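Please read these numbers as outputs of a predicted model, since none were measured by experiment. Lettering follows sequence order; numbering is per chain, from 1.
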2 protein chains.
Amino acid sequence: MPTSKDVALAAGVAQSTVSYVLSGKRPISEKTRKKVEAAIEQLTYHPNAGARALASRRTHVIGLVIPFIPELHMASLMEFVSSIASTARKHDHDILLVTEDEGANGLRRVVGQQICDGLILMQVAGEDERLPIARSLKVPVVLIGIPRDPSDLVCIDADFELAGQLAVNDLAAAGHSTIGVIAWQPEVVERQVNYVERFVRGTNQAAKELGVKLLHVVGGTDLGTISKSVDEVLAQTKGQPAFIAPEGIVQEILLRTLSARGLTPGTNVSVIGSASPGMAELYPVPLSTIDLRPREVSRRAVEIICGLLESGSEGPHESLELVPATITHRSSVIRPDQAKAS
Amino acid sequence: MPTSKDVALAAGVAQSTVSYVLSGKRPISEKTRKKVEAAIEQLTYHPNAGARALASRRTHVIGLVIPFIPELHMASLMEFVSSIASTARKHDHDILLVTEDEGANGLRRVVGQQICDGLILMQVAGEDERLPIARSLKVPVVLIGIPRDPSDLVCIDADFELAGQLAVNDLAAAGHSTIGVIAWQPEVVERQVNYVERFVRGTNQAAKELGVKLLHVVGGTDLGTISKSVDEVLAQTKGQPAFIAPEGIVQEILLRTLSARGLTPGTNVSVIGSASPGMAELYPVPLSTIDLRPREVSRRAVEIICGLLESGSEGPHESLELVPATITHRSSVIRPDQAKAS
DNA sequence: ACACGCCGTCGATACGCTTCGTCGATACGC
DNA sequence: GCGTATCGACGAAGCGTATCGACGGCGTGT
């Protein structure tokens with residue numbers, strides 16, 4: 001492996017000049033720069049990351065703390081991971097995976113060893129054992145998710161409250177006066193990921209404004225639970241029923257349950273789901289969905305942390321940013337008055 | 001951040017002694033070791049990764065090259081990523097993500113910068129542009145997937161051929177004499193990921209031995225294509241039909257298509273799918289599935305590369321390992337002779 | 001034509017660790 | 001009793017880069 005010394009030798013300059021050509025921190029004449037660049041090219045020189053980190057106290061690596069593989073959400077998780085990694089590269093950083101099974105110590109370890117310059121925490125719960133550590137660390141930390149007490153923390157998340165509002169608005173505008181809202185899996189709710197309550201708050205607020213009746217029923221991953229929840233809604237609905245299922249798996253099971261009852265989205269029942277755009281198109285009736293824009297959330301998370309890194313700010317920061325959710329209209333929402341007529 | 005010098009000072013020993021306590025490469029008396037360990041504990045000392053890498057020429061980081069986010073497989077991809085990261089930690093290594101959108105240069109970069117000691121490549125295709133680079137790199141590389149020419153490469157993958165055999169065996173043993181095999185998505189097939197043909201080979205071999213008729217039909221992610229494929233199979237099947245769907249999304253659409261034709265797995269049609277164990281249980285009729293054991297494949301990939309790293313072998317290696325697939329019997333396969341009687 | 005200033009380059013040092021050579025102290029043999 | 005082998009700890013030399021101070025050469029002003 002060639003070193004910057006080798007490059008300097010080949011270009012006939014001092015090692016420090018090579019360094020300055022690379023960093024641009026001092027003016028270099030056009031002529032010598034060309035020489036150095038040619039030598040770099042020819043030797044396929046890459047600066048040694050370890051040495052660079054040692055001397056500059058910057059690793060250009062961001063630690064990404066991924067949650068403990070909970071079977072649920074695997075697909076959406078990967079979407080975050082993948083776009084975080086891509087975005088990081090655009091900002092000249094790499095991503096190091098920190099798995100949660102190492103526990104909270106993992107965070108201390110990677111920061112202590114100075115393997116990375118900062119951390120992004122995914123799936124932050126309302127009360128998260130990682131929060132005290134996040135606050136105590138002397139490196140920038142960005143949370144994806146909003147804990148109950150976000151003081152001294154930098155947070156970014158999808159705007160679940162807005163998502164709830166939009167979904168209710170949409171169904172109300174179509175003419176539904178009663179709407180069933182199927183909750184997340186109990187595992188998620190118990191984990192206190194407070195986006196659940198933010199979403200609910202959004203739906204309630206919109207319902208109040210619009211004079212619509214909301215039925216919040218439990219979700220789950222088994223057919224039995226969802227069946228009961230669906231029946232509950234059906235019993236209390238006059239006319240064509242409407243459902244909002246903000247979670248992927250729950251939505252999937254809801255659709256099967258409806259199908260078993262002879263209900264077809266877009267024909268005699270309205271459904272707003274949450275599949276990814278690609279998936280939503282694959283249903284017999286393309287599904288109208290809430291889009292929480294995970295890629296955008298990921299992008300912002302990286303941008304924020306890179307900003308903090310560049311500004312080199314030492315002290316604790318505090319900020320909270322929400323990425324607006326959107327509703328994509330496909331074909332699974334009906335106008336109940338019209339449906340009745342047919 | 002405390003350094004090993006600080007630890008040495010606190011323990012009243014030389015800095016090099018601290019290093020030897022940590023590495024164990026030289027004998028240290030019980031007494032001084034205790035002192036040093038106490039100082040480490042008290043100062044919460046973590047060795048600086050950059051300095052360590054610089055001096056030892058070992059980063060203890062493995063680069064994981066993830067494919068260019070192809071909407072498909074997100075969930076299964078994450079399963080690999082997650083278990084690779086966990087396993088790596090058990091071997092005292094970390095995982096650095098290398099996204100494919102950086103192109104083949106990404107590999108050269110991370111190795112050139114000596115950010116990592118070795119690479120794991122995921123989703124290796126039959127003819128993969130990364131292969132020449134993999135061969136030319138002077139660090140260990142492990143491929144997940146089997147390229148057409150595996151010479152000078154270290155490969156690990158699920159045993160798709162065995163999976164094909166098992167699936168056909170299973171349906172044949174149940175009494176089916178005609179079996180429809182729905183292929184992967186065209187995108188996958190075109191990518192020349194040769195596990196497709198390995199799977200097909202396995203099915204054909206088993207079919208030949210058992211005197212069973214196989215109908216290989218095209219897969220896809222749209223209902224139209226799968227519908228045609230299903231009809232093709234139904235037309236050529238006498239009695240109860242049987243299907244094998246080795247890919248998750250295709251399987252999902254197959255089930256919807258069958259449902260629309262009044263066919264229910266476990267009642268009047270046999271299906272062997274490929275959902276993850278958790279998902280398979282969620283169907284109205286729990287689905288019998290092929291399990292390719294991705295976590296096991298991941299685990300082996302890490303073990304192999306760590307082995308290569310420890311042995312410090314310079315020259316190129318060559319090996320090929322297959323993780324046996326299994327079939328999990330649930331309730332979606334019927335005995336057609338009995339079904340007829342009912 | 002001379003002094004001064006600025007741009008562009010060089011040399012040296014520090015970053016924190018691993019590792020090799022060395023040396024003091026203890027335990028043993030004769 | 002002294003010399004020798006052994007164990008344990010020390011000091012110093014890099015590893016490859018960033019960065020600071022210094023310095024030489026050019027151009028500018030008079």
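As the counterpart of C:dT26, D:dA5 is assigned, both hydrogen-bonding distances of the Watson-Crick or G-U wobble pattern falling under 3.5 Å. Pairing of C:dC20, defined by two Watson-Crick or G-U wobble distances under 3.5 Å, is identified with D:dG11.
Within the 4.5 Å cutoff, no side-chain heavy atoms of B:Ser19 are placed close to those of B:Lys25.
Taking every heavy atom of residues 50-58 of chain B and every atom of DNA chain D, pairs under 4.0 Å involve B:Leu54, B:Ala55, B:Arg57, by number. Within residues 4-19 of chain A, the residues that place at least one heavy atom under 4.0 Å from DNA chain D are, in residue-number order, A:Ser4, A:Gln15, A:Ser16, A:Ser19. Remark: A:Arg26, A:Pro27, A:Ile28, A:Ser29, A:Thr32 in residues 25-47 of chain A come within less than 4.0 Å of DNA chain C through at least one heavy atom.
Of the options B:Val142, B:Val154, B:Leu153, a side chain to side chain contact (heavy atoms under 4.5 Å, CB included) to B:Ser319 is made by B:Val154 and by none of the others. A:Ile95 pairs with exactly one of A:Ile62, A:Val61, A:Val302 by the side chain to side chain contact (heavy atoms under 4.5 Å, CB included) rule, that one being A:Ile62. The side chain to side chain contact (heavy atoms under 4.5 Å, CB included) test with A:Leu143 is passed by exactly one of A:Leu119, A:Leu131, A:Val65, A:Ile120: A:Leu131.
Counting non-hydrogen atoms of neighbouring residues, nucleotides and ligands closer than 6.0 angstrom, the CD atom of B:Glu41 reaches no more than 12 such neighbours.
With A:Asn194 contributing its side chain and A:Ile146 its backbone, the two residues share a donor-acceptor pair below 3.5 Å. Under a 3.5 Å cut-off, the side chain of B:Arg108 and the backbone N or O of B:Ile133 do not form any donor-acceptor pair. Looking at B:Arg26, its side chain never comes within 3.5 Å of a backbone N or O of B:Thr17 through a donor-acceptor pair. Panel note: side chain A:Arg109, backbone B:His46; no donor-acceptor pair is recorded below 3.5 Å. The closest donor-acceptor contact from the side chain of B:Asp117 to the backbone of B:His60 lies under 3.5 Å. Proximity of a side-chain donor or acceptor of A:Arg293 to a complementary backbone N or O of A:Pro324 within less than 3.5 Å is detected.
Under the rule for a side chain to side chain donor-acceptor pair (under 3.5 Å), the partners of B:Glu30 that lie at least two apart in sequence or sit in another chain are B:Arg33. Under the side chain to side chain donor-acceptor pair (under 3.5 Å) criterion, B:Asp159 pairs with no residue at all, not counting sequence neighbours.
Chain B approaches DNA chain D over the interval D:dG8 to D:dG16, counting the first and last nucleotide 5' to 3' with an atom under 4.0 Å from its heavy atoms.
Along DNA chain D, the nucleotide nearest A:Ser23 and the nucleotide nearest A:Met1 are compared for position; the residue whose nucleotide lies closer to the 5' end is A:Met1.
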